[in-house]
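Reading through the structure tokens given below for one structure.
Throughout, protein chains are lettered first and strands after them, A, B, ... in sequence-line order, and every chain is numbered starting at 1.
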Amino acid sequence: MGNRTEVKQLFRNYKEWAGEEFQIMGWIRTIRSSSVFGFIELNDGSFFQNVQIVFEEDKIDNFKDIAKLNVGSSVCVIGVLEVTPNAKQPFEIKAKEIEVEGESSPLYPLQKKRHSFEYLRTIAHLRPRTNTFSAVFRVRSVMAHAIHTFFQERGFVYVHTPIITGNDCEGAGEMFRVTTLDPTDPPKDQQGNVDFSKDFFGTMTGLTVSGQLNAEAYCMAFGKVYTFGPTFRAENSHTARHASEFWMVEPEIAFADINDDMALGEDMLKFIIQYVLDHAPEEMEFFNNFIDKGLFERLDNVLESKFDRITYTDAINILQASKKEFENPVFWGCDLQTEHERFLAEEYCKKPVFVINYPKEIKAFYMRLNDDGKTVAAMDLLVPGVGEIIGGSQREERLDILEDTILRLGMDLKEYEWYNDLRRYGSVKHCGFGLGFERALMYMTGMTNIRDVIPYPRTPKSADF
RNA sequence: UCCUCAAUAGCUCAGCAGGUAGAGCAUGCGGCUGUUAACCGCAGGGUCGUAGGUUCGAGUCCUACUUGGGGAGCCA
């Protein structure tokens with residue numbers, strides 16, 4: 001590694017470095033040769049683009065061996081940088097020496113041609129070597145950094161909420177069971193039910209579906225917190241927007257109401273879009289050219305416009321006035337269906353839109369009851385193309401109302417004692433939201449399937465690798 | 001969980017009205033003095049997802065299952 005130069009540095013400095021000698025190490029993306037010279041497109045992982053290596057029979061002593069190499073082989077090249085203003089690539093490396101690190105094989109599954117995303121999912125361990133996936137996963141990394149940067153710069157404390165939890169309380173979806181009991185012979189209680197008091201944690205536990213309740217407690221200490229980690233849902237959903245394991249960003253802010261919540265969501269989304277455009281320009285250029293032709297236009301539109309804000313009641317009126325035929329009837333009290341959300345974001349607003357103040361019957365127990373007694377201070381951000389990307393709310397800070405709601409929904413007050421303590425000892429109005437990290441990444445890149453923005457996606461009947 | 005479409009060579013696909021399989025790319029060999037998904041020639045490569053059924057005969061028709069895509073619900 002000592003003298004190795006990264007391809008990214010060559011691309012950044014090639015004009016000043018013309019005529020100099022470099023050592024480059026990487027993997028062959030394509031290779032083509034004639035009897036006395038040939039070309040290698042080499043990628044070393046540091047940069048989206050490949051560097052072209054020129055090798056000639058009278059310049060290197062192993063020309064025949066190099067010309068026979070298969071795609072995927074790894075090589076170490078020593079050569080001189082030459083600027084090529086009239087060619088497709090800005091510069092190339094004239095090889096003086098090429099050493100084979102590891103040969104590939106004709107069986108290498110990635111060939112220099114187009115593969116379907118479906119096929120590439122079956123070789124998830126190799127797909128990061130393709131253009132599209134190298135762009136996706138570098139942007140994923142940059143976007144994760146953008147999220148931390150946004151919150152850290154604003155004084156938020158990053159809280160690691162537990163992955164394994166005994167709270168079955170959020171009702172956000174089915175949980176994966178975590179247990180060390182023998183599935184063929186679990187201990188039973190006197191009624192014949194499985195006795196989880198004998199289990200590892202002495203109680204029924206599962207993988208978290210949300211860190212929100214835990215984050216709220218830390219919010220009552222730090223004022224501004226966020227979580228950013230994996231989340232698990234054992235739902236048998238089979239769509240391009242759902243995965244069993246996904247990452248979620250959940251900020252929580254104290255002394256703040258739903259308007260502050262929306263402002264935070266809007267600022268955050270704009271910040272990460274700008275950050276990724278600034279820090280992964282080659283990758284974003286690729287997405288705009290090959291994945292989604294209207295990507296830049298769409299993102300610019302988001303950066304420049306103020307997001308719309310409408311109430312649920314307005315939304316119902318807009319949908320009813322649209323005269324559009326919907327498969328699901330629209331009436332006050334109905335949950336907004338995908339077709340309704342699409343109409344609002346894509347046809348009516350044509351940009352991201354917050355919908356707030358939903359009927360209390362269709363929302364979660366912790367959301368703050370509005371003065372009308374019928375709606376809660378919930379907010380969903382709908383974006384064109386992806387749908388719901390943020391779901392959040394102002395939290396109920398009044399103990400009596402919160403307890404009434406828990407009882408009304410038939411939930412067990414005892415399980416929420418610690419949560420309700422937050423309302424007993426210095427309760428303040430506060431709010432927060434959850435951003436689906438992969439959905440934001442899909443919106444950012446134009447990729448249309450969540451399985452293609454997670455390195456090793458987990459979905460029903462699929463946990464390979 | 002429901003609806004719908006699909007599964008043929010390593011990959012992408014064709015195979016019309018049932019008569020035992022084709023192309024391009026990839027691969028191997030050969031050729032070519034600047035390529036850009038290089039090009040030209042030759043060659044190898046498939047028990048047509050699995051199990052049944054109908055038929056003289058099934059890649060093709062029927063049933064079930066498996067896997068994958070798309071949509072719905074649920075949500076992020």
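The aromatic ring centres of Phe228(A) and Phe437(A) sit less than 6.0 Å apart. Aromatic rings of His148(A) and Phe150(A) (six-membered ring for Trp) have centroids beyond the 6.0 Å cut-off, not under it. Ring centroid separation for the pair Phe55(A) and Phe37(A) does not come in under the 6.0 Å cut-off. In this structure, the ring of Tyr416(A) has its center no less than 6.0 angstrom from the ring center of Tyr366(A). Between Tyr312(A) and Trp332(A), the distance separating the two ring centers is shorter than 6.0 angstrom.
Comparing G34(B) with G44(B), their P atoms are spaced 31 Å from each other, to the whole Å. Atom P of U4(B) sits at a distance of 28 Å from the matching atom of C48(B), rounded to the whole Å. Comparing the same atom, P, in G53(B) and in U47(B) gives a spacing of 22 Å after rounding to whole Å. Taking atom C1' on both G22(B) and G59(B), the two are 12 Å apart, rounded to the nearest angstrom.
A side-chain N or O of Glu250(A) and one of Ser210(A) form a donor-acceptor pair less than 3.5 Å apart. Side chain to side chain, Gln152(A) and Tyr226(A) meet the donor-acceptor criterion of an N or O pair below 3.5 Å. Side-chain atoms of Glu216(A) and Gln212(A) form a donor-acceptor pair, as typed in the model, at a separation below 3.5 Å.
The side chain of His115(A) lies closest to C11(B), out of G73(B), G68(B), C11(B).
Contact annotation: Asn328(A) does not reach the phosphate of A72(B) (side-chain N/O to OP1 or OP2, under 4.0 Å). The phosphate of C74(B) (OP1 or OP2) has no side-chain N or O of Arg241(A) nearer than 4.0 angstrom. Distances shown here put every side-chain N or O of Arg342(A) at or beyond 4.0 Å from the OP1 or OP2 atom of G71(B).
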Fill in the blank from the handout: Once base and sugar-phosphate atoms are separated, protein heavy atoms under 4.0 Å mark nucleotides 23-33 of chain B, 5' to 3', with B, S and - as --BSSS---BS
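Pairing each heavy atom of Arg140(A) with each of Val453(A), the nearest pair is NH1-O, 2.7 Å.
When each of Tyr218(A), Phe222(A), Phe151(A) is tested with Phe156(A) by the rule ring-ring contact (aromatic ring centres under 6.0 Å, His included), just one qualifies, namely Phe151(A).
Residue contacts shown for Leu110(A) are absent, as no nucleic acid heavy atom lies under 4.0 Å away. Across all strands, Tyr119(A) comes closer than 4.0 Å only to sugar-phosphate atoms, never to a base (heavy-atom distances). At the heavy-atom level, Gln52(A) lies under 4.0 Å from base atoms of the strands shown. If you check every strand for non-hydrogen atoms under 4.0 Å, Arg29(A) touches nothing. Across all strands shown, Thr239(A) has heavy atoms under 4.0 Å from base atoms, whether or not it also approaches the sugar-phosphate.
For residues 329-339 of chain A, proximity to RNA chain B is found at Asp335(A), Gln337(A), Thr338(A), defined as any non-hydrogen atom under 4.0 angstrom from a strand atom. Only Ala87(A), Lys88(A), Gln89(A), Glu92(A), Lys94(A), listed by number, bring a heavy atom of residues 87-99 of chain A to less than 4.0 angstrom from any atom of RNA chain B. Within residues 284-291 of chain A, no residue approaches RNA chain B, by heavy-atom distance under 4.0 Å.
The residue among Ala240(A) and Asp380(A) whose nearest nucleotide of RNA chain B lies closer to the 5′ end is Ala240(A). Taking the nucleotide of RNA chain B with the nearest heavy atom to each of Pro109(A) and Glu388(A), the more 5' of the two is matched to Pro109(A).
Ion pairing between Asp257(A) and Arg368(A) fails under the 4.0 Å rule for side-chain N and carboxylate O. One finds no salt bridge joining Asp314(A) and Arg309(A) here, because no Lys/Arg side-chain nitrogen approaches an Asp/Glu carboxylate oxygen to under 4.0 Å.
Under the 3.5 Å distance criterion, the side-chain polar atoms of Ser73(A) are matched with a main-chain donor or acceptor of Asn70(A). The closest donor-acceptor contact from the side chain of Ser116(A) to the backbone of Tyr119(A) lies under 3.5 Å.
Taking the side chain to side chain contact (heavy atoms under 4.5 Å, CB included) definition, one finds that Ile163(A) meets it with Leu207(A), Pro230(A), Phe232(A), sequence neighbours left out.
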Completion exercise
The dot-bracket string of RNA chain B, counting Watson-Crick and G-U wobble pairs with both distances under 3.5 Å, using [ ] for crossing pairs and | for pairs to another strand, is (((((((..((((.....[..)))).(((((.......))))).....(((((..]....))))))))))))....
Handout entry: Verdict with supporting geometry, Glu174(A) and Arg233(A), salt bridge (Lys or Arg N to Asp or Glu O under 4.0 Å)
Key = CA-CA 6 Å; Glu174(A) 284 296 308; Arg233(A) 304 275 166 92; over 6 Å; no
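The closest side-chain heavy-atom distance from Phe47(A) to Arg12(A) is below 4.5 Å.
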